[in-house]
Amino acid sequence: MTALPTGEDDPATPCPFRPATEPANRGVAVLLRMSTLFLRTLREDPADAEVPSHKLLARGGYVRRVAPGVHSWLPLGKLVLENVASVIREEMSRIGGQEVLLPALVSREYYEASGRWTEYGDSVFRVADRKGAEYLLGPTHEELFTQLVKGEYSSYKDFPVILYQVQEKFRDEARPRAGILRGREFHMKDAYSFDIDDEGLRRSYELHRDAYVRMFDRLGLRYVIVSAMSGAMGGSASEEFLAETPTGEDTFVRSTGSDYAANVEAVRTPAPPARPIEGLPEAQAHHTPETPTIETLVDFLNDAGLGRTFTAADTLKNVLVKIRQPGEDEWEIVGIGVPGDRDVDMKRLEAAMEPAEVALLEDEDFEAHPFLVKGYVGPNALLRNKLRYLADPRVVEGTRWATGADQADHHVVDLVCGRDFVPDGVIDVADVRDGDPSPEDEGTLYTARGIEIGHVFQLGRKYTDAFELDALGPDGKPKRITMGSYGIGVSRVVAAIVEQSHDDKGIVWPRVVAPADVHVIGTGKGDQVEVALRVAGELEALGIRVLVDDRRNVSPGVKFTDAELLGVPTSVIVGKGLDQGVLEVRDRASGEREEIALDGAVERVAAIVRGD
RNA sequence: CGGGGAGUAGCGCAGCUUGGUUAGCGCGCAUGCUUUGGGAGCAUGAGGCCGCGGGUUCGAAUCCCGCCUCCCCGACCA
């Protein structure tokens, strides 16, 4: 007698109200049968796939591309996606988050009120209804959440509150790529905290940060937490969770000496100690014809017989930029001094100047300021002409530099900081290199790559100001609410897991997110498939999620290869050993094999699934 | 938006330089027989707007012009 493969009438089937910490599809009592599953695996990589997650998710029949940056999730993919979302939901519940679902289609007025209708620019999808009224497809939902809370809550006693949703988000990315990793439509968990004061916001932020740590730990991801600069969302404290993978789009730095990790934008260069000025030679200007670049200057100085050797690091490169504060028309010219062996990192510069706009000087700017001699700019031309001059942290008192003498074809050597010039301030925007000293320990920095999978963010009052979200305090006076926002790219997490957990044969799912706990394979010319279905049904009855390969006329090699590609953590093979009453259990991650007796096999497999 | 590549069957590709029968190969799919522990064999078969539009020519997947789309590398983001 073969057990009912669906387990539908089996009283042992767990009830659908699953306990926390279980994958979403545990106990749903739907046996996944390969013979009928809507699944087609591909033998070859899709031509447009570049990164492992894209190749494997496509080949494994988890997703299919529909349009650039737009994908469909097929049955197995949907299960994985839901399992990831399920872990996230559980941890959100644990910190008191309440799930809601807001529309993705949002009318223009909300984003006008916050200023993001224009701020977001081209990266948001805009649509119009038949009457011409404008909408956008939500890229994130600070506006609607703020408005939602404003409509319901009005007393300090109502706060704090944490609301979140798991929803498709839309961004018209300039360049979608890497399959699921960076789509134009993607699944995101976005959470928002509302607090009565800064102290509350800090607490809510910590709650989310801790929840994220638990989520990503449970999801089996290797990740780092780096401090991030606030982007278009405006605000202060902010950290990013980056899943470490060579294919990641975000560069960050790590230290050889500790767990220190930071965004390139956030790296702080340690300043060397100041040195005594006494005894240093006088600054001397030299005629240095045709030396507009650092390289030509260094070569010239070394051939000039000055009695010492210069390197690019002994020169001071002065880069001129102009910045414009938001809402202003006027540009301010600012000089930035960095050691000549380094360039100004535009990303770091933009982050440092935020929210001001930054641009390099154009020819007409030089024409408008004749004292700026292109290629020969020194600190003093700027300082004398009341332009701000900001210097790299390495430019400390007592350091001496070869730099521009503010007239064509002339440089000055031994220009001493603190004696011959005093910068208006410090700016840390030079490029960061492998081997630079770590700011927090004895080690040196090196760059690594990661995928941003989560972001926690103390937003502050940008949106509550825009929508005038107040609560009446105990003193009867209105108090402006302060917000945090916390995102996780749910679909991106799926891809990040694959990036971190695969081999040359296919995906290796962590059990929490796997589409099934056990892949039962029936192969052979006898009644292996029948037995496989029976074993699968019995496992299912124990609440174990099973994928069973009950396809007939499919050779064993195909089934094994598919199983490895699909990546279910444990396989049970009902094959040639069946005549001797023996099944084989394989571990996808380690490749270990174990023979077990058919008698008691279900219990043994169940024990393995539960962690021995 | 700047730079590079590609559009031919569901998927992966050849054919194009040098125009010429019915556009081909592998995988997949269908039917039958055989096969069943590592992507099976044989046989038969279905499946094409050769990206779109125009042009040259007796004749265009192939040559010319225009357009569209997609992918990859750089500036933005979960």
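In what follows, chains are A, B, ... by sequence order, proteins preceding strands, each numbered from 1.
- Judged by atom type and distance alone, A:Glu44 does not reach the base of B:rG39 through any side-chain donor-acceptor pair under 3.5 Å.
- Between the side-chain ring of A:Phe560 and the base of B:rG39, no stacking contact exists by the 5.5 Å and 30° definition.
- B:rA61 sits 13 Å from B:rG53 when the P atoms are compared, rounded to a whole Å.
- No contact: A:Asp190 has no heavy atom under 4.0 Å from any strand.
- Closest approach to the A:Asp562 side chain among B:rG28, B:rC13, B:rG39 is made by B:rG39 (side chain taken as heavy atoms from C-beta onward).
- Taking atom P on both nucleotides, B:rA6 is separated from B:rU17 by 15 Å, rounded to a whole Å.
- Nucleotides B:rG51 and B:rA40 place their C1' atoms 38 Å apart, quoted to the nearest Å.
- With B:rC77, B:rG37, B:rG39 as the choices, the nucleotide that has an atom nearest any side-chain atom of A:Thr561 turns out to be B:rG39.
- In this structure, A:Gln528 reaches neither bases nor backbone, as no heavy-atom distance under 4.0 Å exists between it and the strands shown.
- Note on A:Arg551: nothing from the nucleic acid sits closer than 4.0 angstrom, heavy atoms only.
- Under a 3.5 Å cut-off, the side chain of A:Ser491 and the backbone N or O of A:His187 do form a donor-acceptor pair.
- Residue A:Arg182 is in base contact, counting any heavy-atom pair closer than 4.0 Å across all strands shown.
- Between the side chain of A:Arg59 and the base of B:rG39, a donor-acceptor pair under 3.5 Å is found.
- Using a 4.0 Å heavy-atom distance criterion, A:Val493 is classed as making no nucleic acid contact.
- A:Gly575 comes within contact range of at least one nucleobase, with a heavy-atom separation under 4.0 Å.
- A:Ile451 comes within 4.0 angstrom of no nucleic acid atom, judged by non-hydrogen atoms across all strands.
- For A:Lys525, a side-chain nitrogen or oxygen approaches OP1 or OP2 of B:rU36 to under 4.0 Å.
- For B:rG7, the paired base is B:rC68 (Watson-Crick or G-U wobble, both distances below 3.5 Å).
- For the pair A:Arg492 (side chain) and A:Leu181 (backbone), a donor-acceptor distance under 3.5 Å is present.
- When heavy atoms are screened at a 4.0 angstrom cut-off, A:Gly526 is found touching no nucleic acid atom at all.
- A:Arg64 comes within 4.0 angstrom of nothing in the nucleic acid, heavy atoms only.
- Using P as the reference atom, B:rC33 and B:rG15 are 40 Å apart when rounded to the nearest Å.
- Contacts of A:Glu452 with the nucleic acid, taken as non-hydrogen atoms under 4.0 Å apart, involve only primed sugar atoms and P, OP1 or OP2.
- Salt-bridge check for A:Arg218 with A:Glu91: passed, with a basic side-chain N closer than 4.0 Å to an acidic carboxylate O.
- Rounded to a whole angstrom, the distance from the C1' atom of B:rC50 to that of B:rA9 is 10 Å.
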